[in-house]
Amino acid sequence: MASQTFRDAPPHEIEAFVSRLHALSGAHDLLTQQDWDAVELRNVVERALRPFLQEDKERFTIAGPNLRLSSTQALLIAMTLHELGTNAVKYGALSNADGRVEVRWELAEQGGGGRLGLHWREAGGPAVTPPSRKGFGSRMIERATKGEQGTARFDFAPEGLQCTLELAIPAKDAQHPTSILPAS
């Protein structure tokens with residue numbers, strides 16, 4: 001079906017589509033291992049960023065408390081991180097030898113559950129200028145996050161792109177550990 005849909009498309013569009021399918025596939029693998037129940041956020045992050053970590057693991061900082069996500073939240077975050085990683089390779093911090101990416105999250109208590117704040121920060125890449133129009137990726141991220149009653153904010157700061165996702169986490173999945181996981 002995808003081949004027929006993209007038969008006249010440029011190769012980079014086909015590659016982007018296949019790459020997005022692989023990101024979803026990785027998230028589906030994690031969820032299948034958990035019988036489509038909640039899955040650890042750190043596992044989702046590492047799986048979504050696997051293609052980028054394989055090449056440049058030392059350029060990433062990944063840290064946050066133990067936290068489980070619903071299946072829909074896991075898929076949303078996997079797609080978001082994959083999209084951000086792809087853009088970092090093309091235009092941002094991973095497009096040169098000096099850039100770095102930091103992915104951190106925290107959980108704030110909120111009405112018996114929690115509110116996840118997931119932060120993507122790039123530094124050391126080319127100077128960033130705000131785009132003249134929203135691309136497919138940022139529109140997809142904003143719409144999907146809104147569908148989960150969350151928010152997505154993009155800051156095209158000159159020193160590097162910053163993206164923050166906020167999502168409600170049910171009380172049963174919100175664990176409040178005493179320490180932050182070490183950077184990988």
Side-chain angles (χ1 to χ4, degrees), residues 1-6 9-10 12-32 34 36-52 62 64 67-94 101-108 110-111 113-122 128-157 160-170 173-174:
M1 190 167 28
S3 296
Q4 288 299 312
T5 302
F6 290 112
H12 71 276
E13 287 182 17
I14 297 168
E15 184 179 312
F17 179 77
V18 169
S19 186
R20 288 179 182 118
L21 283 178
H22 284 287
L24 277 175
S25 172
H28 280 126
D29 286 347
L30 283 174
L31 289 164
T32 299
Q34 299 296 316
W36 279 81
D37 194 15
V39 63
E40 287 290 327
L41 175 55
R42 184 175 186 88
N43 293 339
V44 173
V45 170
E46 289 177 349
R47 181 69 66 102
L49 296 177
R50 183 179 285 170
F52 314 108
I62 299 171
L67 173 60
R68 295 179 67 76
L69 299 174
S70 70
S71 58
T72 55
Q73 290 171 331
L75 293 171
L76 165 65
I77 289 175
M79 286 297 296
T80 297
L81 292 176
H82 174 75
E83 199 67 33
L84 292 169
T86 298
N87 286 336
V89 168
K90 290 180 184 176
Y91 316 111
L94 301 179
V101 173
E102 177 181 58
V103 180
R104 292 193 184 270
W105 60 92
E106 74 275 341
L107 184 66
Q110 179 186 39
R115 187 108 182 131
L116 168 67
L118 180 101
H119 311 281
W120 170 280
R121 290 188 179 96
E122 296 181 31
V128 174
T129 56
S132 57
R133 63 176 186 78
K134 285 186 181 180
F136 171 80
S138 59
R139 286 192 320 268
M140 179 216 37
I141 292 166
E142 287 174 340
R143 287 180 185 149
T145 307
K146 194 174 191 178
E148 283 293 306
Q149 282 68 53
T151 60
R153 290 187 313 276
F154 294 90
D155 180 8
F156 295 93
L161 173 69
Q162 297 180 31
C163 177
T164 299
L165 299 182
E166 291 187 0
L167 297 170
I169 303 295
D173 295 327

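For clarity, every value in this text was computed on a predicted model and none was experimentally measured.
- Counting non-hydrogen atoms of neighbouring residues, nucleotides and ligands closer than 6.0 angstrom, the CZ atom of Phe154 exceeds 12 such neighbours.
- Nearest approach of Val44 to Ala74, heavy atoms of both residues: CG1-O, 3.6 Å.
- Among all heavy-atom pairs drawn from Arg42 and Ile62, the shortest one is NH1-O, 3.4 Å.
- Considering OG of Ser138 and CZ of Arg143, their distance stands at 9.5 Å, rounded to 0.5 Å.
- With a 4.5 Å cut-off on side-chain heavy atoms, Gln73 and Ile169 count as touching.
- In this structure, the side chains of Leu76 and Leu167 come closer than 4.5 Å at one or more pairs of heavy atoms.
- Between Glu142 and Lys146 there is no side-chain heavy-atom pair separated by less than 4.5 Å.
- Rounding to the nearest 0.5 Å places CD of Glu166 at 4.5 Å from CZ of Arg153.
- Annotation for Pro130 and Phe156: closest pair CA-CB, 3.8 Å, computed over non-hydrogen atoms.
- With values rounded to the nearest 0.5 angstrom, Leu75 atom CG is found 10.5 Å from Thr80 atom OG1.
- Side-chain contact between Thr86 and Lys90 is present, with at least one heavy-atom pair separated by less than 4.5 Å.
- In this structure the side chain of Thr164 never reaches within 4.5 angstrom of the side chain of Asp155, judged on heavy atoms.
- Considering CG of Leu118 and CG of Leu107, their distance stands at 12.0 Å, rounded to 0.5 Å.
- In this structure, the side chains of Leu84 and Leu161 come closer than 4.5 Å at one or more pairs of heavy atoms.
- By the 4.5 Å heavy-atom criterion applied to side chains, Leu116 and Leu41 are counted as neighbours.
- Contact record, Ala157 with Gln162: CB-NE2, 4.4 Å, taken as the closest heavy-atom pair.
- Atoms CG and CH2, from Leu49 and Trp120 in turn, are 5.5 Å apart once rounded to the nearest 0.5 Å.
- Rounding to the nearest 0.5 Å places CZ of Arg68 at 5.5 Å from CD of Glu40.
- Counting only distance, with no hydrogens or angles, the side chain of Arg139 and the backbone of Lys134 share a donor-acceptor pair below 3.5 Å.
- Taking both residues in full, the closest heavy atoms of Ile141 and Ala152 are given as CG2-CB, 3.9 Å, listed atom of the first, atom of the second, then distance.
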Is there a side chain to side chain contact (heavy atoms under 4.5 Å, CB included) between Trp105 and Val45? Walk through the geometry before answering. CA-CA 10 Å; Trp105 60 92; Val45 170; 3.9 Å; yes
